[in-house]
*Asks:* 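Okay, handing you the structure first.
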Amino acid sequence: MSANLIPILWDATLQTLYMVALSAILGTLGGLPLGVYLATSQRGELLSSPWVNWVLGLVVNATRSVPFIILVVAIIPFTRMMVGTSIGTDAAIVPLTIAAIPFIARLVENAIREVDAGLIEAARAMGATPFQIIRKVLIPEALPAITLGLTLAVVSLIGYSAMVGAVGGQGLGDLGIRYGYQRLMPEVMLAVVVILIVLVQLVQSLGERLAARVDRRAARNRGH
């Protein structure tokens with residue numbers, strides 16, 4: 001591989017990291033409260049509102065069922081309205097975030113539903129309000145699982161960020177298509193794949209370590 005391509009690979013890697021990091025943050029800001037609400041708003045639950053839960057669940061399921069590459073194309077007018085263009089890293093963040101929010105919401109919902117119901121009943125018996133139970137019981141107890149779920153979401157976003165390269169999203173996916181495929185440079189495609197694998201491995205490893213640390217801290221708090 002030509003030495004001239006190394007700066008291009010570096011720039012593409014930074015673009016991918018930028019897209020993934022920002023969309024993960026925005027997706028978490030939207031998906032975390034949505035997931036908490038979905039987990040606590042069915043009939044008889046802390047924030048019981050079954051009709052709202054049903055509507056939100058329908059929207060989440062509908063969004064998740066759309067293949068990502070189709071979602072990217074379908075919301076091009078919305079992307080232009082939000083960032084003024086439909087190409088580039090800023091434009092790619094819009095569909096990445098929209099795809100991340102329902103995905104993270106379901107992961108958070110599942111994590112919270114795994115919390116022992118006895119803890120909720122005990123908190124209720126002590127007079128805790130629904131929001132106190134959510135803040136002091138559900139989220140702390142579910143945090144290790146939520147951390148692993150967010151790790152999975154970031155890994156998925158790395159894959160999605162490569163897909164947006166097919167529609168002008170820049171990053172490693174765009175580099176692989178333009179150089180590796182269109183210019184018949186298999187060494188570039190190989191380099192892109194290797195970098196993506198390394199990124200996924202790093203994220204997975206860091207996420208697992210963080211989840212284990214959070215789990216140990218939660219166990220110590222329960223012991224006290």
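All values derive from a computational prediction rather than experimental measurement. Residue numbers count from 1 along this sequence. Only this structure's heavy atoms are used, side chains among them; waters, hydrogens and symmetry mates stay out.
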*Asks:* Are Met126 and Ile134 connected in a single hydrophobic cluster, I mean Ile/Leu/Val/Met/Phe/Trp/Tyr linked by side-chain heavy atoms less than 4.5 Å apart?
*Replies:*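 No, separate clusters.
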*Asks:* Salt bridge check: are Arg113 and Glu45 linked by an N-O gap of less than 4.0 Å?
*Replies:*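 Answer for the salt bridge query: yes.
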*Asks:* Does the pair Trp10 and Leu14 meet the rule for a side-chain contact (heavy atoms from CB on, under 4.5 Å), with working shown?
*Replies:* CA-CA 6 Å; Trp10 175 249; Leu14 293 180; 3.4 Å; yes
*Asks:* Please check this pair: side chain of Glu121 against backbone of Gly118, looking for a donor-acceptor N/O pair closer than 3.5 Å.
*Replies:*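 Looks like no, no N/O pair under 3.5 Å.
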*Asks:* Any chance you could measure Leu175, atom CG, to Thr13, atom OG1, to the nearest 0.5 Å?
*Replies:*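 These two atoms lie 8.0 Å from each other.
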*Asks:* Under a 4.5 Å cut-off applied to non-hydrogen side-chain atoms, are Phe103 and Leu107 in contact?
*Replies:*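 Yes. Closest side-chain heavy atoms under 4.5 Å.
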*Asks:* Could you tell me which non-hydrogen atom of Ser86 sits nearest to which non-hydrogen atom of Ala91, and how far apart they are?
*Replies:*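 Residues Ser86 and Ala91, closest heavy atoms: C-CB, 3.5 Å.
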*Asks:* Do side-chain atoms of Asp215 reach the backbone of Pro144 as a donor and acceptor pair under 3.5 angstrom?
*Replies:*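 Not a single qualifying donor-acceptor pair exists.
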*Asks:* Look at atom CD1 of Ile87 and say whether more than 12 heavy atoms of other residues, nucleotides or ligands are closer to it than 6.0 Å.
*Replies:*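 Open.
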*Asks:* Rounded to the nearest 0.5 Å, what separates atom CE in Met163 from atom CG in Leu71?
*Replies:*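 Those atoms lie 11.0 Å apart.
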*Asks:* Could I get the full list of side-chain contact (heavy atoms from CB on, under 4.5 Å) partners for Pro102, not counting sequence neighbours?
*Replies:*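 Applying side-chain contact (heavy atoms from CB on, under 4.5 Å) to Pro102 gives Val60, Thr63, Arg64.
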*Asks:* How about Met189: does its CE atom have over 12 heavy atoms from other parts shown lying under 6.0 Å from it?
*Replies:*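 Yes, enclosed.
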*Asks:* Without swapping roles, check the side chain of Gln201 against the backbone of Ile197 for a donor-acceptor pair under 3.5 Å.
*Replies:*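 Such a contact is absent between Gln201 side chain and Ile197 backbone.
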*Asks:* Under the side-chain contact (heavy atoms from CB on, under 4.5 Å) test, which residues partner Leu210, sequence neighbours left out?
*Replies:*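 Partners of Leu210 by the side-chain contact (heavy atoms from CB on, under 4.5 Å) criterion, ordered by chain and then number, come out as Thr147, Val214.
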*Asks:* Treat each ILVMFWY residue as a node, draw an edge where side-chain heavy atoms are under 4.5 Å apart, and state whether Leu152 and Tyr160 are in one component.
*Replies:*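 No, because Leu152 and Tyr160 fall into different hydrophobic clusters, even though each may have its own neighbours under 4.5 Å.
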*Asks:* State, to 0.1 Å, how close Gly171 and Thr16 come at their nearest heavy-atom pair, and which atoms those are.
*Replies:*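 Heavy atoms only, the tightest pair is CA-OG1, 3.5 Å.
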*Asks:* Same hydrophobic cluster for Val36 and Val55, using side-chain heavy-atom links shorter than 4.5 Å among ILVMFWY?
*Replies:*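 No; Val55 is not reachable from Val36 via cluster members.
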*Asks:* Hey, mind stepping through Asp90 and Tyr18 against side-chain contact (heavy atoms from CB on, under 4.5 Å) and telling me if it holds?
*Replies:* CA-CA 9 Å; Asp90 289 336; Tyr18 168 70; 2.7 Å; yes
*Asks:* Just wondering, do Ile98 and Phe78 contact through their side chains at under 4.5 Å, heavy atoms?
*Replies:*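 When only atoms from C-beta onward are counted, Ile98 and Phe78 do touch, with a gap below 4.5 Å.
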*Asks:* Is the shortest side-chain heavy-atom distance between Ile133 and Arg124 below 4.5 Å?
*Replies:*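 Sidechains of Arg124 and Ile133: in contact.
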*Asks:* So which atom in Ile104 and which in Gly27 form the shortest heavy-atom distance, rounded to 0.1 Å?
*Replies:*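 That closest heavy-atom pairing would be CD1-C, 3.6 Å.
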*Asks:* Can you hop from Met19 to Ile8 via hydrophobic side chains spaced under 4.5 Å?
*Replies:*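 They do share one cluster, since a chain of ILVMFWY contacts under 4.5 Å joins Met19 to Ile8.
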*Asks:* What is the distance from atom CG of Leu17 to atom CG of Leu22, rounded to the nearest 0.5 Å?
*Replies:*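 That separation rounds to 12.5 Å.
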*Asks:* Has the side chain of Ser65 got a donor or acceptor atom that lies under 3.5 Å from a matching backbone atom of Ala62?
*Replies:*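 It does hold such a pair.
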*Asks:* Can you find a heavy atom in the side chain of Val154 that is under 4.5 Å from one in the side chain of Val200?
*Replies:*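 A side-chain contact under 4.5 Å is absent here.
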*Asks:* Membership question, hydrophobic clusters at under 4.5 Å side-chain separation (ILVMFWY): are Val203 and Leu143 in the same one?
*Replies:*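 No, no single cluster joins them.
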*Asks:* Can you tell me how far apart CZ (Arg43) and CH2 (Trp54) are? Round to the nearest 0.5 Å.
*Replies:*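 That separation rounds to 13.5 Å.
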*Asks:* Evaluate the criterion side-chain hydrogen bond (donor to acceptor under 3.5 Å, both in side chains) for residue pair Asn61 and Arg106; output intermediate values, then yes/no.
*Replies:* CA-CA 9 Å; Asn61 291 339; Arg106 285 302 187 196; 2.9 Å; yes
*Asks:* Report the C-alpha separation of Phe131 and Leu46 in whole Å, then their side-chain angles, then the decisive distance to 0.1 Å, and conclude whether the side-chain contact (heavy atoms from CB on, under 4.5 Å) test is met.
*Replies:* CA-CA 8 Å; Phe131 286 104; Leu46 293 172; over 6 Å; no
*Asks:* If I compare all heavy atoms of Ala100 with all of Leu157, which pair ends up nearest, and what's the gap?
*Replies:*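 Heavy-atom minimum between the residues: CB-CD2, 4.0 Å.
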*Asks:* With side-chain contact (heavy atoms from CB on, under 4.5 Å) as the criterion, how do Gln204 and Thr151 come out once you've worked through the C-alpha distance, each side chain's angles and the decisive distance to 0.1 Å?
*Replies:* CA-CA 6 Å; Gln204 189 67 44; Thr151 301; 4.0 Å; yes
*Asks:* So which atom in Ala24 and which in Thr28 form the shortest heavy-atom distance, rounded to 0.1 Å?
*Replies:*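 Taking every non-hydrogen atom into account, O-OG1, 2.7 Å.
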*Asks:* So Tyr37 and Val52, do their side chains get closer than 4.5 Å, heavy atoms only?
*Replies:*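 The answer is yes; the side chains approach within 4.5 Å.
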*Asks:* Can you tell me how far apart CG (Leu32) and CD (Glu109) are? Round to the nearest 0.5 Å.
*Replies:*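 Reported value, rounded in 0.5 Å steps: 12.5 Å.
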*Asks:* Given side chains that start at C-beta, do those of Leu148 and Glu208 come closer than 4.5 Å, heavy atoms only?
*Replies:*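 A side-chain contact under 4.5 Å exists here.
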*Asks:* Considering only heavy atoms from C-beta outward, does the side chain of Val192 approach that of Leu9 to under 4.5 Å?
*Replies:*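 In short, these two side chains touch, coming nearer than 4.5 Å.
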*Asks:* Can you tell me how far apart CD (Glu141) and CD1 (Ile120) are? Round to the nearest 0.5 Å.
*Replies:*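 Reported to 0.5 Å precision, the distance equals 10.0 Å.
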*Asks:* Check whether any side-chain heavy atom of Ser161 lies under 4.5 Å from a side-chain heavy atom of Leu172, and answer yes or no.
*Replies:*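 A side-chain contact under 4.5 Å is absent here.
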*Asks:* Ignoring hydrogens, what is the shortest heavy-atom contact between Val94 and Ile75? Give both atom names and the distance.
*Replies:*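 Closest approach of Val94 to Ile75: CG1-CD1, 4.2 Å.
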